[in-house]
Enquirer: 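The structure is given below, and queries will be raised subsequently.
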Amino acid sequence: MKRFLYGILILCLMLLSGMEAVSAEIRVGINAPRGEFIALKQWEAFGNYLSRETGEPVKIVPLAVASLLRGVRSGEVDFILANPIQTIIMAETDDITPLATLKKSGGPRFAGVIIARRGSGIESSEDLKGKKVISLGPVSAGAYLFQAYHLHRKGINPNRDFSVLSEGKKQDDLVLAVKAGLFDAAFVRTGILEAMAKEGTIRLDDIVIVEQRTDPGFDLIHTTRLYPEWFLSATSEADPPLISSVKNAALALKKDTPAAKNAKISGFVEALSLADLRDAMRAMKMPPFDREPPESPQP
């Protein structure tokens, strides 16, 4: 009888253990600058791909720009796909580990665009002085920092030299605000203009590109220098074997798969260096580098 009861106890424990394994899921947070609905539609197939490759259920968790850091710090996600600024902040303050860099049709780098209302008289950085400008705010890479650092290198301070520096919630809305004449100029990341034009939301002739530049092998409209694309990173919630499995799956993603096509990406590459972007953040005194002690004077 005792042996029978012991066997029942072992069976129950095994069943409970199995239930826990089934209920566990990989939670992948996704930065959602164009809104949570668009992010979920774009990345849901990637979640299905990771589930097939890792053998574990995967849940995509879209996070608005303003709530992304909070989502990581609250333990809401195991992995996070975020812009490089957010990645640096979380690496410095929240112990995340960058695993891979996103690769788009233009490669694993992107840039910022400064757009202006046609007829505003804005053609150069200097023309932005005294104007009303809208961006996504300091935590955005392609819709703030890249442009702010570009202007900083020309002696222009967005916080001091604009008549208004406002923050929006979605990059599409920034473009539409300029088109409607609510603002003179806006900061957006590369690819947004082309996407909106393809969707029929805008015509590229509706806006002016401020100080448009060219870089070999990079075809998207841009104003600033190129920086690493978004990073897939592991949070402190993720287990080491799972980290390895997710990283391998990301690096193995092919551009012709449904997951890549839906996400409008070509795959991932090994994590690129963030040194140049860290330098930009330090120059702009952005958190977490805003409290660094001054350098010691040379003897």
Enquirer: Is a salt bridge present between K132 and D184, judged by a nitrogen-to-oxygen distance below 4.0 Å?
Expert: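 No.
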
Enquirer: Less than 4.5 Å apart, side chain to side chain, heavy atoms only: is that true for V77 and V72?
Expert: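 Yes, their side chains come closer than 4.5 Å.
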
Enquirer: For R109 and L272, run side-chain contact (heavy atoms from CB on, under 4.5 Å): C-alpha distance rounded to whole Å, both residues' side-chain angles, the deciding distance at 0.1 Å, then the answer.
Expert: CA-CA 9 Å; R109 300 182 188 276; L272 299 179; 4.1 Å; yes

Enquirer: Rounded to the nearest 0.5 Å, what's the gap from CH2 on W43 to CD1 on I60? Could you check?
Expert: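 Here the interatomic distance stands at 8.5 Å.
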
Enquirer: Over 60° means perpendicular and under 30° means parallel, so tell me whether Y144 and F187 are parallel, tilted or perpendicular.
Expert: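 Plane angle between 30° and 60°, so tilted.
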
Enquirer: Would the distance check show the side chain of S245 and the main-chain N or O of P241 forming a donor-acceptor pair, the cut-off being under 3.5 Å?
Expert: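 Not a single qualifying donor-acceptor pair exists.
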
Enquirer: Using a 4.5 Å cut-off on heavy atoms from C-beta on, say whether the side chain of I122 contacts that of R117.
Expert: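 A side-chain contact is absent here, since even the closest heavy-atom pair is not under 4.5 Å.
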
Enquirer: Does Q212, at its CD atom, have more than 12 non-hydrogen atoms belonging to other residues, nucleotides or ligands within less than 6.0 Å?
Expert: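 Yes - once you tally the heavy atoms of other residues, nucleotides and ligands closer than 6.0 Å, there are more than 12.
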
Enquirer: Between R27 and V61, what is the shortest heavy-atom contact and its length?
Expert: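 Here R27 and V61 meet closest at CB-CG2, 4.3 Å.
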
Enquirer: Ignoring hydrogens, what is the shortest heavy-atom contact between E53 and A249? Give both atom names and the distance.
Expert: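 Smallest heavy-atom distance, with atoms named: CB-CB, 3.7 Å.
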
Enquirer: Return yes if some donor-acceptor pair links the side-chain N/O of E237 with the main-chain N/O of F79 below 3.5 Å, else return no.
Expert: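 Answer holds: no.
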
Enquirer: Would you check if the side chain of Q171 reaches a backbone N or O of P33 as a donor-acceptor pair within less than 3.5 Å?
Expert: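 Pair absent, no side-chain N/O of Q171 close to backbone of P33.
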
Enquirer: Which pair of non-hydrogen atoms, one from I30 and one from A39, has the smallest distance, and what is that distance?
Expert: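 Reported closest heavy-atom pair: CG2-CB, 4.3 Å.
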
Enquirer: Look at the aromatic rings of H152 and Y149 and report parallel, tilted or perpendicular, splitting at 30° and 60°.
Expert: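 Parallel.
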
Enquirer: For the atom pair CD1 (I207) and OG (S120), what is the distance rounded to the nearest 0.5 Å?
Expert: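 Interatomic distance, I207 CD1 to S120 OG, rounded to 0.5 Å: 11.0 Å.
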
Enquirer: Any chance NZ of K103 has more than 12 other-residue heavy atoms, nucleotides or ligands included, within less than 6.0 Å?
Expert: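 Atom NZ in K103 is not packed in, count stays at 12 or less.
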
Enquirer: Check the angle between the aromatic planes of F218 and H222 and answer parallel, tilted or perpendicular using the 30° and 60° thresholds.
Expert: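 Answer is perpendicular, since the angle exceeds 60°.
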
Enquirer: Does atom CG of D215 have more than 12 heavy-atom neighbours, drawn from other residues, nucleotides or ligands, at distances under 6.0 Å?
Expert: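 It does: D215 CG has more than 12 such atoms within range.
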
Enquirer: So which atom in L99 and which in K247 form the shortest heavy-atom distance, rounded to 0.1 Å?
Expert: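 Answer, listing the atom of L99 first, then K247: O-CE, 3.5 Å.
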
Enquirer: So, do L253 and F46 sit near enough that their side-chain heavy atoms are less than 4.5 Å apart?
Expert: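 With C-beta onward as the side chain, the pair touches.
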
Enquirer: Could you tell me whether the side chain of Q86 reaches within less than 4.5 Å of the side chain of V65, counting heavy atoms only?
Expert: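 In contact.
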
Enquirer: Can you find a pair of side-chain heavy atoms, one from L232 and one from V246, that are under 4.5 Å apart?
Expert: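 Heavy-atom side-chain distance check passes, below 4.5 Å.
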
Enquirer: In terms of side-chain geometry, is the basic nitrogen of E199 or R34 positioned less than 4.0 Å from the acidic oxygen of its partner?
Expert: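 Salt bridge flag = yes for R34 with E199.
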
Enquirer: Taking atom CZ of F268 and atom CD of E229, what is their separation to the nearest 0.5 Å?
Expert: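 CD of E229 is found 10.0 Å from CZ of F268.
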
Enquirer: With a 4.5 Å heavy-atom cut-off, do K179 and R203 have their side chains touching?
Expert: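 Side chain of K179 against side chain of R203, heavy atoms only: no contact under 4.5 Å found.
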
Enquirer: Quick check: is V208 connected to V188 through a chain of hydrophobic side chains (ILVMFWY, heavy atoms under 4.5 Å apart)?
Expert: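 Different clusters: V188 never reaches V208 through Ile, Leu, Val, Met, Phe, Trp or Tyr contacts under 4.5 Å.
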
Enquirer: Closer than 4.0 angstrom, basic N to acidic O: yes or no for K59 and E76?
Expert: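 A salt bridge is absent here (no side-chain N lies under 4.0 Å from a carboxylate O).
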
Enquirer: Do you know the tightest heavy-atom contact between T87 and A82?
Expert: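 Of all heavy-atom pairs spanning T87 and A82, the closest is OG1-O, 3.6 Å.
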
Enquirer: Counting only heavy atoms not in Q42, do more than 12 fall under 6.0 Å of its CD?
Expert: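 Enclosed.
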
Enquirer: So, S125 and E211: side-chain donor and acceptor under 3.5 Å apart, yes or no?
Expert: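 Distance-only check passes for S125 and E211.
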
Enquirer: In this structure, would I202 and L136 fall into the same cluster of hydrophobic residues linked by side-chain contacts under 4.5 Å?
Expert: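 Yes; tracing contacts between hydrophobic side chains, which count when under 4.5 Å, links both residues.
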
Enquirer: In terms of hydrophobic clusters joined by side-chain contacts under 4.5 Å, are V133 and M286 together?
Expert: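 As far as the 4.5 Å side-chain criterion goes, M286 and V133 are connected within one cluster.
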
Enquirer: Determine whether R225 and D276 make a side-chain contact, defined as any pair of heavy atoms from C-beta on separated by less than 4.5 Å.
Expert: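 A side-chain contact under 4.5 Å is absent here.
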
Enquirer: Would you confirm whether T54, through its side chain, and L50, through its main-chain N or O, come within 3.5 Å as a donor-acceptor pair?
Expert: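 Judged by distance alone, yes, a pair lies under 3.5 Å.
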
Enquirer: Got a second to check how far F289's CZ is from D279's CG, nearest 0.5 Å?
Expert: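 Separation between the atoms: 9.0 Å.
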
Enquirer: Do the side chain of D239 and the main chain of L242 share a donor and acceptor less than 3.5 angstrom apart?
Expert: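 A pair under 3.5 Å: no.
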
Enquirer: Does the pair L193 and I209 meet the rule for a side-chain contact (heavy atoms from CB on, under 4.5 Å), with working shown?
Expert: CA-CA 10 Å; L193 299 178; I209 309 302; 3.6 Å; yes

Enquirer: May I ask you to decide whether K129 forms a salt bridge with E126, counting only side-chain N to carboxylate O separations under 4.0 Å?
Expert: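 Salt bridge present between K129 and E126.
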
Enquirer: So, S51 and N48: side-chain donor and acceptor under 3.5 Å apart, yes or no?
Expert: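 No - no donor-acceptor pair under 3.5 Å links their side chains.
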
Enquirer: For F110 and L220, run side-chain contact (heavy atoms from CB on, under 4.5 Å): C-alpha distance rounded to whole Å, both residues' side-chain angles, the deciding distance at 0.1 Å, then the answer.
Expert: CA-CA 9 Å; F110 74 124; L220 296 175; over 6 Å; no

Enquirer: Do L204 and L176 belong together in a cluster built from hydrophobic side chains that touch within less than 4.5 Å?
Expert: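 L204 clusters together with L176.
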
Enquirer: Hey, which of I114, D127, V113 is the one that makes side chain to side chain contact (heavy atoms under 4.5 Å, CB included) with V210?
Expert: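 Option passing the side chain to side chain contact (heavy atoms under 4.5 Å, CB included) with V210: I114.
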
Enquirer: What distance separates L182 CG from L174 CG, expressed to the nearest 0.5 Å?
Expert: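 Output value for this atom pair is 11.5 Å.
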
Enquirer: What's the separation between atom CD in E194 and atom CD1 in I221, rounded to the nearest 0.5 Å?
Expert: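 CD1 of I221 is found 4.5 Å from CD of E194.
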
Enquirer: Looking only at atom types and distance, does a side-chain atom of T235 sit under 3.5 Å from a main-chain N or O of I80, one as donor and one as acceptor?
Expert: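 Checking the backbone N and O of I80 against the side chain of T235, no donor-acceptor pair under 3.5 Å is found.
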
Enquirer: Identify the two heavy atoms, one from I85 and one from S140, that lie closest to each other, and give their separation to 0.1 Å.
Expert: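 That would be CD1-O, 3.4 Å.
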
Enquirer: May I ask whether I89 and L145 are part of the same hydrophobic cluster, defined by side-chain heavy atoms of I, L, V, M, F, W, Y residues being less than 4.5 angstrom apart, directly or through others?
Expert: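 Yes; L145 is reachable from I89 via cluster members.
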
Enquirer: Would you mind reporting whether T190 and F146 have side-chain heavy atoms less than 4.5 Å apart?
Expert: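 Sidechains of T190 and F146: no contact.
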
Enquirer: Give a yes or no on whether the backbone of I88 and the side-chain of R278 come within a donor-acceptor separation of less than 3.5 Å.
Expert: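 Flag not set: sc R278 to bb I88 has no pair under 3.5 Å.
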
Enquirer: Please determine whether a side-chain nitrogen of the Lys or Arg among D290 and K285 lies less than 4.0 Å from a carboxylate oxygen of the Asp or Glu.
Expert: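 Between K285 and D290 there is no salt bridge, as every charged N stays at least 4.0 Å from the carboxylate O atoms.
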
Enquirer: Could you walk me through whether F231 and L274 pass the side-chain contact (heavy atoms from CB on, under 4.5 Å) test, one step at a time?
Expert: CA-CA 10 Å; F231 284 75; L274 284 162; 3.5 Å; yes

